[in-house]
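In what follows, a single structure is set out as structure tokens and then discussed.
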Protein chains: 2
Amino acid sequence: MNRNENSAVAAPAAGRKPVVPRRALRDGVYDAILERLLDGSTPPGSSLGIDSLARELEVSPTPVREALVQLEHTGLISRVALKGYRVAAPLSSEQLAELFDMRTILETAAVERAVSQVDDLVPELRAAHARQVLCAHRVRKLRGADGRPTDFSDLREYFAADWEFHLTIIRASGNRFLLKTAESLSAHVHRLRQTADHGTTDLEQAVDEHAAILAAFESGDPERPLVAMREHLAAVARRVSAAG
Amino acid sequence: MNRNENSAVAAPAAGRKPVVPRRALRDGVYDAILERLLDGSTPPGSSLGIDSLARELEVSPTPVREALVQLEHTGLISRVALKGYRVAAPLSSEQLAELFDMRTILETAAVERAVSQVDDLVPELRAAHARQVLCAHRVRKLRGADGRPTDFSDLREYFAADWEFHLTIIRASGNRFLLKTAESLSAHVHRLRQTADHGTTDLEQAVDEHAAILAAFESGDPERPLVAMREHLAAVARRVSAAG
DNA sequence: ATTGAATAGATCCTATAGGGTCTATGATCC
DNA sequence: GGATCATAGACCCTATAGGATCTATTCAAT
């Protein structure tokens, strides 16, 4: 999610970002817990004790508490007052369908609005896609005879590049609310990736489909990017639900 | 927003709501601060001191801190680490256009998905509209010679009924992510209402346009609700930006 | 007069302690 | 044997205190 350019700190809902992001302790705690949630080390249903986390992270309960409140709105954890926080259950098949339906709503709308800015978009999209291809190559190269990558950090980087491709289009829509909503959905998307570790298998397909989207934007036809994006999201949804 | 059926407490991202919502102190603080933000008693730019709020609300800083973290994600307040919280500036004309663009994206998508459930939807929509008409009548009756309503609680009720009409359609879409996103946007929508107090003047128009949407659903034509909703949102956007 | 540093106040951030609630275990009664 | 109640432990929730940071004012120097 947003770990590099931190949108939580100094979140200017209507202002410019500070050149040097000022971070309090609670922001670091937020990242640490998010990391645990996304790499799957905390199974769904397990309780997130405030005191436990504070001891493990060697901080006081107060920043932990704030980080959990912030995490609550992502849907990755659920809270019951006077009972505590728990890791949210993985998305059901219905919720999964709803998630990709929502992504289709948002990202097709983004494409519709991005076609008018195609001149600014295409270079950025080319760069984003190039980075993804590079990461994909690195992952493909490293995975040995077992077919699974040895270094997960490369996989993480690939996922980030993949998602960045989508974000580039959404940013080009010029709608801040659209972007913010898509970012809030990214947590679920990322968690899906590690749950279904087939993420390594559909790597080439995703790269190809992104290439198709890029080519569609380059064509100048305002309709082609729409169908390309729709097909890509449908294909991803198919692959994800097939693994479930 | 969600003050009656509290979605913050015991938020089951994938579960049933508890029959009796368990509330901690921080939930009440959240409501209290939200109230202050929406009724305009705290002008944009004013700082929200944690200790100050704690003294005024007669609680300790900790629950105030948690409530502020929760409010931060609504966009109504902005935070700068090590500096504090401030009431966010009102939406600029561009942001306002983006907000209504986003609403159009979400609500037209909701309409598209709701038409398949039209049999379940129409009765609920009729009831919601009836409540809105009732509230509108009450407001219209009460406002005296000065043309402004004397009791603001009636106006609040009308706004709630208006928004409930939209929520009813969005719920019928069956997409939880869509619903959640719309709810998170409601804070901005409600703040707009009180900022531009012309909310009392376009009361009849809004009721009429809602009636048109309802009639469109009743017609059975799947296209008519779409255009009715689009026109309604465009009309609201026009009225809002005209007052700005 | 303007710039610069230094000080004081306020505020945020973090840590620690105590009260209240919930869950679980074990004993008692029917 | 099953159910009810009591007790103990863990945890959440709230309150208070101290350290760190920022802003504003004041004063001195150029």
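In what follows, every chain begins at residue 1, and chains take the letters A, B, ... in the order their sequences are listed.
Listed by chain and residue number, Leu121(A), Glu124(A), Leu125(A), Ala128(A), Glu164(A), Arg171(A) satisfy the side-chain contact (heavy atoms from CB on, under 4.5 Å) test with Thr168(A) (two or more places apart in sequence, or in another chain). Asp120(B) meets the side-chain contact (heavy atoms from CB on, under 4.5 Å) test with Gln117(B); sequence neighbours excluded. Taking Arg86(B) as the reference, nothing meets the salt bridge (charged side-chain N to carboxylate O under 4.0 Å, His left out) condition, with sequence neighbours excluded. The salt bridge (charged side-chain N to carboxylate O under 4.0 Å, His left out) test applied to Arg36(A) returns Glu56(A), not counting sequence neighbours. Residues forming a side-chain contact (heavy atoms from CB on, under 4.5 Å) with Ser60(A) (at least two apart in sequence, or on another chain): Thr62(A), Pro63(A). Scored by the side-chain contact (heavy atoms from CB on, under 4.5 Å) test, His129(B) finds Gln132(B), Val133(B), Phe165(B), Val207(B), His210(B), Ala211(B), Leu214(B) as partners (sequence neighbours excluded). Looking at residues two or more places apart in sequence or on another chain, you find a salt bridge (charged side-chain N to carboxylate O under 4.0 Å, His left out) between Arg103(A) and Glu107(A). Phe100(B) pairs by the ring pair (Phe, Tyr, Trp, His ring centres under 6.0 Å) definition with nothing, not counting sequence neighbours.
With Asp27(A) contributing its side chain and Ala24(A) its backbone, the two residues share a donor-acceptor pair below 3.5 Å.
Straight-line distance from the CG atom of Leu25(A) to the P atom of dT16(C): 13 Å, rounded to whole Å. Regarding Arg86(A), its CZ atom lies at a distance of 10 Å from the P atom of dC12(D), rounded to whole Å. Gln70(B) places its CD atom 12 Å from the P atom of dC13(D), with the value rounded to the nearest Å.
Shown for residues 41-55 of chain B: no residue has heavy atoms falling under 4.0 angstrom of DNA chain D. Within residues 58-66 of chain A, the residues approached by DNA chain C to less than 4.0 Å at the level of any non-hydrogen atom are Val59(A), Ser60(A), Pro61(A), Thr62(A), in residue-number order.
Listed by first and then second residue, the side-chain hydrogen bond (donor to acceptor under 3.5 Å, both in side chains) pairs involving residues 38-50 of chain A are Asp39(A)-Ser41(A) (not counting sequence neighbours).
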What nitrogen or oxygen pairs link the protein and nucleotides 20-24 of chain D at under 3.5 Å?
unit_1, atom_1, unit_2, atom_2, d
dC22(D), OP1, Arg22(A), NH1, 3.1

